[in-house]
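Computed from a predicted model, the values in this text were never measured in an experiment.
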Amino acid sequence: MRRSPNCGRSSARRRSSYATIRGIHEERGLKGRAADDTRVVPGHPSLTRILREHIKAEGLKPGDLLFQGEKGGMLAGSVIRRAWRTARAGVLSPEEFASPLGRRVYDLWHTCLTNWLNDGIPPAQVAEWAGNSVPALLAIYARCISGQLGDLKQRILARGDLPEV
């Protein structure tokens with residue numbers, strides 16, 4: 001499986017008191033892993049196709065930013081928020097747009113993990129993809145798992161009765 005550029009790095013916005021000394025963003029490896037480690041995460045085939053087309057069209061190489069600002073650096077947060085607001089307005093009803101539904105790009109992360117759990121993907125697998133421990137994952141998402149009770153009851157019933165003694 002090919003990895004996208006910038007797949008194993010992350011950048012976190014620094015608190016303002018540090019921003020003037022070291023810059024706004026701090027580049028670092030994945031949380032709780034070696035500095036050069038990466039994590040493979042599944043993506044929907046249609047999104048993978050779009051991203052691969054973008055990578056090819058832009059001539060990106062490993063380590064390049066997937067989406068770059070005007071001067072080749074990171075996109076400004078204001079640019080990302082403006083684009084996200086425009087995208088939300090284009091696909092959501094006015095009531096949904098006014099709600100907290102997908103208000104931040106980061107909300108997609110929570111939606112993805114919730115959907116994986118609701119689709120029956122084992123928590124251990126979801127935790128590995130998310131880079132979390134199972135206890136940390138379930139502490140946040142256990143109350144979000146829904147829609148599986150009927151299927152789970154059927155699986156219990158499918159085991160059959162106890163043997164005659």
Side-chain angles (χ1 to χ4, degrees), residues 1-16 18-19 24-55 60 63-69 73-153 155:
M1 174 179 216
R2 288 184 51 212
R3 291 192 174 109
S4 299
N6 202 19
C7 196
R9 297 182 316 184
S10 67
S11 174
R13 189 169 174 86
R14 289 182 184 271
R15 290 183 181 172
S16 60
Y18 296 104
I24 293 177
H25 291 90
E26 172 186 48
E27 192 171 300
R28 60 182 182 212
L30 296 170
K31 201 182 328 180
R33 295 181 182 229
D36 61 344
D37 202 2
T38 60
R39 180 172 61 237
V40 176
V41 179
H44 194 278
S46 60
L47 175 60
T48 302
R49 179 182 41 76
I50 291 167
L51 291 175
R52 286 185 176 156
E53 288 171 4
H54 173 75
I55 290 166
L60 299 177
D64 288 349
L65 294 171
L66 191 56
F67 301 103
Q68 302 173 7
M74 291 185 68
L75 284 172
S78 60
V79 172
I80 295 168
R81 286 188 298 276
R82 190 169 41 252
W84 186 245
R85 242 187 334 270
T86 302
R88 283 183 75 238
V91 298
L92 299 178
S93 71
E95 295 79 23
E96 290 171 326
F97 183 79
S99 78
L101 177 66
R103 185 160 289 155
R104 303 166 302 163
V105 174
Y106 187 71
D107 294 335
L108 295 176
W109 173 255
H110 296 296
T111 301
C112 179
L113 299 183
T114 301
N115 285 344
W116 283 342
L117 290 168
N118 283 328
D119 288 343
I121 297 173
Q125 183 62 65
V126 174
E128 181 181 325
W129 289 338
N132 293 116
S133 67
V134 174
L137 178 84
L138 293 178
I140 297 168
Y141 297 100
R143 64 186 173 280
C144 299
I145 301 171
S146 65
Q148 297 180 12
L149 190 56
D151 180 54
L152 295 172
K153 287 180 178 179
R155 289 168 62 185

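Residues Val41 and Trp116 share a closest heavy-atom pair of CG1-CH2, 3.8 Å. When every heavy atom of Arg88 is checked against every heavy atom of Leu101, the shortest pair comes out as NH2-O, 2.8 Å. Minimum heavy-atom separation, Arg104 to Asp107: NH2-OD1, 2.6 Å. Residue Ala124 comes nearest to Val134 through the heavy atom pair CA-CG2, 3.6 Å, listed as atom of the first residue, atom of the second, then distance.
A distance-only check finds no donor-acceptor pair linking the side chain of Gln125 to the backbone of Pro122 [under 3.5 Å]. A donor-acceptor pair under 3.5 Å is absent between the side-chain atoms of Asn115 and the main chain of Cys112, judged by distance alone. Of the possible polar contacts, none joining the Arg85 side chain to the Ile80 backbone as a donor-acceptor pair under 3.5 Å is found.
Annotation: the span from Arg49 atom CZ to His44 atom NE2 amounts to 10.0 Å, rounded to 0.5 Å. We find the CZ-CG distance between Arg143 and Leu138 to be 11.0 Å, quoted to the nearest 0.5 Å. Rounded to the nearest 0.5 Å, atoms CG (Asp119) and OG1 (Thr114) are 10.5 Å apart. From Ser99, atom OG reaches atom CG of Leu92 across 7.0 Å, with rounding to the nearest 0.5 Å.
Scanning for ring pair (Phe, Tyr, Trp, His ring centres under 6.0 Å) contacts around His54 gives Phe67, with sequence neighbours left out.
Between Tyr106 and His110, the angle of the ring planes goes over 60°, which puts this pair in the perpendicular group of the 30/60° scheme.
Test Asn118, Asn132, Leu117 against Tyr141 for side chain to side chain contact (heavy atoms under 4.5 Å, CB included) and you get one pass: Leu117.
Screening residues 74-102 for ring pair (Phe, Tyr, Trp, His ring centres under 6.0 Å) gives no qualifying pairs among residues at least two apart or on separate chains.
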